[in-house]
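Contents: one structure, followed by commentary.
Predicted model, so just to flag it, every value in this text is computed and none were measured. Naming: A, B, ... by sequence-line order, numbering from 1 per chain.
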There are 2 protein chains.
Amino acid sequence: MAVIVAGLKAIEYRFLIKDIGTEIYIGLIALVFTGLGLWVGQQILNRKEQSGSSKKGRDEVIQSLDISEREMDVLVLMADGLSNQEIADKLFISIHTVKTHSSNLFSKLHAKRRTQAIQKAKEIGLIEA
Amino acid sequence: MAVIVAGLKAIEYRFLIKDIGTEIYIGLIALVFTGLGLWVGQQILNRKEQSGSSKKGRDEVIQSLDISEREMDVLVLMADGLSNQEIADKLFISIHTVKTHSSNLFSKLHAKRRTQAIQKAKEIGLIEA
DNA sequence: GCTCAAATGGTACTTTAGTATGAACGATTT
DNA sequence: AAATCGTTCATACTAAAGTACCATTTGAGC
């Protein structure tokens, strides 16, 4: 509402430009506030989507669980349905390294399997659903 | 835009109620169109969310891929991160049966692994993301 | 009664996943 | 300089997942 009031004050300068038609003026107001509504809607939805990750919480969760960059790389590809060998090829590392990272990941996520790790990671907002 | 024009026409009746202040009038327009923006935003988002599942599309996808009830049961538990043995226990069947269902599932979903099956199933709206 | 598909269970096998442990290297911190 | 940490790779093993084929049962439909 504060934004709306501020907008009204600013727009009141229309009296300085009396040569534009009233309808055009109203149209401009309508457009501006339609845009405002769209923007507000987006903001509300962003908060809803981030309810599990709390805004910039992705980084916070990563830090709190002490997850490294490489482990995140593996996790993302894992969630895409790739096998350890395919992940290794994409990251230009050996399958052994992938296993090391994934094994460490399971410990940090308290998961027994990769499917469980993926599910938990999505729950806490570590990766996109 | 058609909606906006129609709105303008309707609101022009302000000339019949000259006793309300200009600021109040502007405020009303602002509120109405902010609401319009919110509504439009919601509509756009609903279409996005239903892009993969298309309303009642879940059943349609299941039928088109010829997926049975039991296979769906297995798929859902699979996506929750359960092992074949845990799925077997929950459905009161043997692990052999779970393997049969999951193997058939992979064929129908063109997946090589369970993680890939889960990812694809979510993409096409078979299961909730 | 017969047929067909889904569901169930099994054996046997190959492949992938996962664990445990150790080691080497570079960058950073103390 | 020494210690720490992340990344890398490896071996050796166990466990789980997945495939292929086959068999039985059951319920719905003809």
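A:Ile127 CD1 to A:Arg58 CZ: the interatomic distance, rounded to the nearest 0.5 Å, is 9.0 Å.
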N/O to N/O distances under 3.5 Å, protein versus nucleotides 27-30 of chain D:
none

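Counting only heavy atoms from C-beta outward, the side chains of B:Thr97 and B:Val74 never approach each other to under 4.5 Å. In this structure the side chain of A:Leu126 never reaches within 4.5 angstrom of the side chain of A:Lys120, judged on heavy atoms. Counting heavy atoms from C-beta on, the side chains of A:Met78 and B:Thr115 never come closer than 4.5 Å. Looking at B:Arg70 and B:Ile93, their side chains come closer than 4.5 Å, going by heavy atoms from C-beta outward. Side-chain atoms of A:Ile67 and A:Leu75, non-hydrogen and from C-beta on, never get closer than 4.5 Å to each other. Proximity of A:Lys122 to B:Lys122: side-chain heavy atoms (C-beta onward) are separated by under 4.5 Å at one or more points. Between A:Glu69 and A:Ile62 there is no side-chain heavy-atom pair separated by less than 4.5 Å.
When the local axes at the two ends of the helix from C:dG1-D:dC30 to C:dT30-D:dA1 are compared, using 5 base pairs at each end, they differ in direction by 50° after rounding to 10°.
Proximity of residues 67-75 of chain B to DNA chain C (heavy atom under 4.0 angstrom from any strand atom) is restricted to B:Ser68, B:Glu69, B:Arg70.
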*Contact pattern, 5' to 3', of nucleotides 10-30 of chain C - B, S or - by protein heavy atom under 4.0 Å*: BB-----BBS-----------
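The nearest whole Å value for the distance from the CG atom in A:Leu65 to the C1' atom in D:dG6 is 17 Å. Distance A:Leu105 CG to D:dT7 P: 11 Å, rounded to the nearest Å. Across the protein-nucleic acid pair, B:His101 atom NE2 and C:dA7 atom C1' stand 5 Å apart, rounded to whole Å. Rounding to whole angstrom units, NZ of residue B:Lys108 and P of C:dA5 are separated by 12 Å. For the pair B:Asp66 CG and C:dA5 P, the interatomic distance rounds to 10 Å; values are reported in whole Å.
Scored by the side-chain contact (heavy atoms from CB on, under 4.5 Å) test, A:Leu38 finds B:Val40 as partners (sequence neighbours excluded). Applying the side-chain contact (heavy atoms from CB on, under 4.5 Å) test to B:Lys112 and every residue at least two apart in sequence or in another chain returns B:Gln116.
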*Test A:Arg113 against A:Phe106 for side chain to side chain contact (heavy atoms under 4.5 Å, CB included), laying out the working first.*
CA-CA 7 Å; A:Arg113 290 163 290 281; A:Phe106 300 155; over 6 Å; no
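Residues B:Leu77 and B:Ile95 do not share a hydrophobic cluster, defined by chaining ILVMFWY side chains whose heavy atoms lie under 4.5 Å apart.
Between the side chains of A:Asp89 and A:Gln85, at least one donor-acceptor pair of N or O atoms lies under 3.5 Å.
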